[in-house]
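Notes follow the structure.
Just so you know, these numbers come straight off a predicted model, no measurement behind them. Lettering of chains follows the sequences in order, A, B, ..., and the numbering in each one begins at 1.
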Amino acid sequence: MNEPDLFSPPAAEADKLHLELDGWEGPLDLLLDLARRQKVDLRQISILALVDQYLAFIEAERMRLELAADYLVMAAWLAYLKSALLLPREEQPDPDPEELALRLQLRLQRLNAMRDAAARLMARDRLGRDVFARGAPEGLRLDRRTRWQCDWFGLVSSYGQVQVRTRPVVHMVRERPVMTLDSALDRVSAMLGITLDWMELREFLPARDGEWTEPRLRRSALASSFVAALELAKQGRAQLRQDVTFGPLHLRRLA
Amino acid sequence: MDDLTRAVEAALFAAEAPMTTDQLAALLNGAAVLPALHALVDDYAERGVHLVERGGRWQFQTAPDLAHLLRRTREQPRRLSRAATEVLAIIAYHEPVSRAQIEAIRGVQTAKGTLDVLLEAGWVRVAGRRDVPGRPVIYATTADFLSHFGLASRRDLPGIDELRAAGLLDPVDEAFEALARGEEADEQGALEKGGESA
Amino acid sequence: MDDLTRAVEAALFAAEAPMTTDQLAALLNGAAVLPALHALVDDYAERGVHLVERGGRWQFQTAPDLAHLLRRTREQPRRLSRAATEVLAIIAYHEPVSRAQIEAIRGVQTAKGTLDVLLEAGWVRVAGRRDVPGRPVIYATTADFLSHFGLASRRDLPGIDELRAAGLLDPVDEAFEALARGEEADEQGALEKGGESA
């Protein structure tokens, strides 16, 4: 032992440990508890004595309970630390065991500081336990009231809308020239009978003269002829072909 | 302030309900609390909080003259819904008018809430009951209505001819669309379109 | 007592929760309430009820020395487990702090329920995420925490200045580096005897 000050014998050896493992939250907690039993400033604690206490405790408890793995891991690590610390200084392995011991000491100090802080916090005059807020506050009431908004124009125009909506309305449906599906069907099937060649759908429409120049009527004729073509294809009387999407539609008689 | 008075003060402050002198005494190991109560009443007499006795029970309460500070009203502006605006317009043009008449003119049923909103806004009042079977309530506009809309009297409302001249009797697609979308139903809850009164 | 002071007194008395100076000012038409608050603190200093500031919020509460009289009628607040009190202390003294940091100090994993209890009590809140890989959630204390433990601010945490001065709020690595560099040779004198720096 080359550092006798740090590794002095435990101050409170007399404390016999009759403790349940459940009492601690993990090995660090147990170590801190053992360290506190030395009744010295944590900065002057003997790490070696602490290690001995921990190992002795684990050994004793091992007989009685299934020790949690982390307690055993800590025990193994502390056993290693102890043996490293006991080596002559020049033979000490890397990492430096005294550095490891110091780090352990720093951790214990920090946990100890927080444990003390928690105790002091809990001992304060606490609201609802030691001091009390007003038991039955009257409350600061905030009444919300809606201020409805509407302007003159909104009022008057909505009356106009009511009048418009409820006034009797006469609907006139203007007659429109159309090519009916029946006449398109007759026309397309008659024309298919003339040839076996492919014909573009538009070639089935009536020639552009007289009323057939009227664009709306032509659109109607095209639509009806298209439906007629589909109908004939369905009946197995015609064949349809379209080379590209939106391209011209061709049809021919199915022999 | 002596310890007993301090204790009485704290006990009443923290109490969830007014306390009798017996309750206070029991809490404070049988002390005679009445002198402490009277000392506190005097102490608080000029403050924002008073100690008062009501039916043998003691409690702190805020000074009555400060009530206006502790009860605040916040106004929230909100646009009148289309349905409510229509009902208001119909009442204004046709008053006094019953709910059934309003529905006949609008061509749709009117949700209960719609009239309530107008009553709450202070623009419509109940103007009695019509002397017909069922004695339906009839509605009319108020003086507040006139002043809100800047009208000297109901005669200032534009007539049908003026509405037509202003283009306000042209069909407004929007109005139909709104109805079709059930906008009123959203606003008014249980509103049903196309009521039987049409 | 002037009217503003009376009004502040009444407002805090009636309020269901502690109030900030801004909330008070808003209630009292923008008045400068701080002088009134300080006057009231002095006024109540010797009474059974005190006016206190907790994390920027003001509230009346009973004097701590009367606890023994008032406690018996009350339910005890929930007892926290030792784990929960330690976690709470670590969060309060180190905030904002991640779960991993809490666990590094305690040397043990934190059970799921432990943080939940503190969050549910309203003493701890999630204060965002740390901008490091994994973006861990970080925790901090709340204004209710300060109220409950009678702290005007985190600076009032018992012993926080001493802990900070002693480096006990710094992580082990930092403390170790500092010791290795001998920067804190004076404060940590005792450690040097055992440390490798001797």
Legend entry - Most chain B-contacting option - heavy-atom pairs closer than 4.5 Å, from C/Val8, C/Asp43, C/Thr5: C/Asp43
Legend entry - Aromatic centroids of C/Phe13 and B/Phe60 separated by under 6.0 Å: yes
Legend entry - Greatest number of heavy atom pairs closer than 4.5 Å to chain C - which of B/Met1, B/Glu46, B/Glu9: B/Glu9
Legend entry - Contacting region of C/Leu40 [heavy-atom separation from chain B under 4.5 Å]: side chain
Legend entry - Ion pair B/Glu53/B/Arg57, N-O distance below 4.0 Å: no
Legend entry - Reported CD1-to-CD1 distance for the pair B/Ile138 and B/Ile91, which is rounded to 0.5 angstrom: 11.0 Å
Inset, instruction - For the residue pair C/Trp123 and C/His148, categorise the inter-ring angle as parallel (less than 30°), tilted (30 to 60°) or perpendicular (more than 60°). - result: tilted
